[in-house]
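It should be emphasised that the depicted structure is a prediction, and the values quoted were computed from it without experimental measurement.
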Amino acid sequence: MFVDNEKLKVLLKSKIEKPPKQPTNAMYELVINSDVELMVRLVIVFSALTMSMVRKNFDEGLGAAIKKVTGGQKNEELVNKVMGAAGDHIKLNAGSVIEITRLPGFILQTKIKDEIISKVESELLCRAYVYMYLGDDAFDKEAKERFGKSLLSLF
C-alpha cells in the first residue's frame with residue numbers, strides 16, 4: 001500500500017491534536033474517508049490464477065465493504081465497474097501486477113499489467129475500497145497494522 005505521505009500528514013495533524021501511542025480507529029477512518037491518493041499494488045504469485053478468479057474474489061470483498069460502509073446497502077452495479085472490463089483474455093502470470101489507486105476527486109483507477117482497465121468516479125466506491133484494507137475486517141491485518149505504525153510516524 002502506497003500513499004501520499006505529505007498530504008496524509010497534513011490531514012492527520014489537522015484532525016488529531018495529540019499523537020496517539022497506538023494507531024486508532026479514528027486515524028484509519030480519516031484515511032478511509034479522505035481524498036488522499038492511495039494505491040494498493042498486488043503482485044500475482046500463483047501462475048494458474050485467472051482473471052475470473054480475481055474478479056470474483058475482488059467483487060465479493062468490495063461488495064461486502066460497500067455493505068459495511070453504507071450500513072447494509074448493496075451496489076453490484078458499482079462493484080462491477082471496477083473489474084468488469086478485465087476479461088479472461090488478460091493472462092496473469094507470476095509477477096503480473098494489479099494496481100488499484102484512489103486518485104484525488106474520488107476516482108478509483110484499476111490497472112492490470114500497466115493497462116488502465118477502469119476509472120470510476122465515486123466517493124462511496126473509494127471509501128469502500130480503502131475500507132477493505134483498513135477497516136474492521138481488513139484483508140491483511142498485518143498490513144493494516146504496519147500501515148497504522150507508518151501513520152504514527154507522520155506525527
Side-chain angles (χ1 to χ4, degrees), residues 1-17 19-20 23-44 51-52 54-87 89-90 92 96-155:
M1 190 177 302
F2 303 93
V3 68
D4 184 332
N5 280 337
E6 287 308 310
K7 288 185 180 169
L8 198 53
K9 183 178 187 175
V10 170
L11 174 70
L12 290 171
K13 287 186 170 189
S14 73
K15 302 289 183 184
I16 301 173
E17 286 183 32
T24 65
N25 285 338
M27 290 171 61
Y28 291 121
E29 286 294 320
L30 279 173
V31 177
I32 291 167
N33 294 322
S34 78
D35 193 24
V36 174
E37 186 169 340
L38 180 141
M39 178 190 32
V40 175
R41 188 168 198 254
L42 307 166
V43 180
I44 305 301
M51 226 20 255
S52 59
V54 170
R55 236 185 355 268
K56 181 181 183 294
N57 286 327
F58 183 81
D59 290 356
E60 286 174 3
L62 188 56
I66 286 175
K67 283 178 71 174
K68 287 270 191 176
V69 168
T70 62
Q73 294 179 328
K74 287 183 176 183
N75 193 328
E76 295 198 22
E77 180 184 339
L78 195 54
V79 169
N80 292 333
K81 287 182 178 182
V82 179
M83 289 279 189
H89 67 281
I90 299 173
L92 297 173
S96 295
V97 175
I98 299 173
E99 292 178 348
I100 302 177
T101 307
R102 175 182 63 193
L103 299 168
F106 293 106
I107 297 168
L108 196 65
Q109 174 181 279
T110 304
K111 286 171 81 174
I112 300 175
K113 297 168 68 173
D114 288 327
E115 179 184 340
I116 294 176
I117 300 299
S118 70
K119 229 175 182 179
V120 182
E121 185 177 343
S122 168
E123 183 177 348
L124 171 60
L125 186 62
C126 288
R127 287 177 51 229
Y129 177 69
V130 178
Y131 181 87
M132 288 188 336
Y133 295 94
L134 300 179
D136 298 334
D137 301 322
F139 272 159
D140 184 338
K141 293 192 187 320
E142 286 180 36
K144 177 183 173 181
E145 288 174 16
R146 284 192 305 272
F147 186 81
K149 288 178 182 172
S150 74
L151 288 177
L152 293 175
S153 73
L154 296 176
F155 286 97

Roughly how far, to the nearest 0.5 Å, is the [atom2] atom of [Y] from the [atom1] atom of [X]?
{"X": "Leu38", "Y": "Leu103", "atom1": "CG", "atom2": "CG", "value": "10.5 Å"}
{"X": "Lys111", "Y": "Ser118", "atom1": "NZ", "atom2": "OG", "value": "12.0 Å"}
{"X": "Asp59", "Y": "Glu76", "atom1": "CG", "atom2": "CD", "value": "8.5 Å"}
{"X": "Leu78", "Y": "Gln73", "atom1": "CG", "atom2": "CD", "value": "12.0 Å"}
{"X": "Tyr129", "Y": "Thr110", "atom1": "OH", "atom2": "OG1", "value": "7.5 Å"}
{"X": "Leu92", "Y": "Ile112", "atom1": "CG", "atom2": "CD1", "value": "6.5 Å"}

Taking the side chain as every heavy atom from C-beta outward, state whether [X] and [Y] have any pair of such atoms under 4.5 Å apart.
{"X": "Val79", "Y": "Lys74", "result": "no"}
{"X": "Leu108", "Y": "Ile100", "result": "yes"}
{"X": "Leu30", "Y": "Leu151", "result": "no"}
{"X": "Leu154", "Y": "Leu8", "result": "yes"}
{"X": "Phe155", "Y": "Ile16", "result": "yes"}
{"X": "Asn33", "Y": "Arg127", "result": "yes"}
{"X": "Glu77", "Y": "Asn75", "result": "yes"}

Measure across [X] and [Y] and return the closest heavy-atom pair with its distance rounded to 0.1 Å.
{"X": "Glu121", "Y": "Gly105", "value": "CG-O, 3.7 Å"}
{"X": "Tyr28", "Y": "Pro23", "value": "OH-CB, 3.5 Å"}
{"X": "Pro20", "Y": "Met27", "value": "CG-SD, 3.4 Å"}
{"X": "Ala128", "Y": "Ala65", "value": "O-CB, 3.3 Å"}
{"X": "Pro104", "Y": "Glu37", "value": "CD-OE1, 3.9 Å"}

Report, as yes or no, whether the 6.0 Å neighbourhood of atom [atom1] on [X] holds more than 12 heavy atoms from other residues, nucleotides or ligands.
{"X": "Glu60", "atom1": "CD", "answer": "yes"}
{"X": "Lys7", "atom1": "NZ", "answer": "no"}
{"X": "Asn25", "atom1": "CG", "answer": "no"}

Checking the side chain of [X] only, and the main-chain atoms of [Y] only, is there a donor and an acceptor separated by less than 3.5 Å?
{"X": "Thr101", "Y": "Met39", "result": "no"}
{"X": "Arg102", "Y": "Ile32", "result": "yes"}
{"X": "Lys119", "Y": "Ile107", "result": "no"}

Legend entry - Worked check of side chain to side chain contact (heavy atoms under 4.5 Å, CB included) between Phe147 and Val31: CA-CA 11 Å; Phe147 186 81; Val31 177; 4.1 Å; yes
Inset, instruction - Test the Lys68-Tyr131 pair against the cation-pi criterion, namely NZ or CZ under 6.0 angstrom from the six-membered ring centroid and within 45° of the ring axis. - result: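 No, cation not above the ring by the 6.0 Å, 45° rule.
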Inset, instruction - Show the numbers, then the answer: is there a side chain to side chain contact (heavy atoms under 4.5 Å, CB included) between Leu62 and Leu125? - result: CA-CA 8 Å; Leu62 188 56; Leu125 186 62; 3.5 Å; yes
Legend entry - Salt-bridge contact Lys141-Glu145 (side-chain N to carboxylate O under 4.0 Å):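 The answer is no: the pair does not qualify as a salt bridge.
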Legend entry - Parallel, tilted or perpendicular: rings of Tyr133 and Phe139 (30°, 60°):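 Ring orientation of Phe139 relative to Tyr133: perpendicular.
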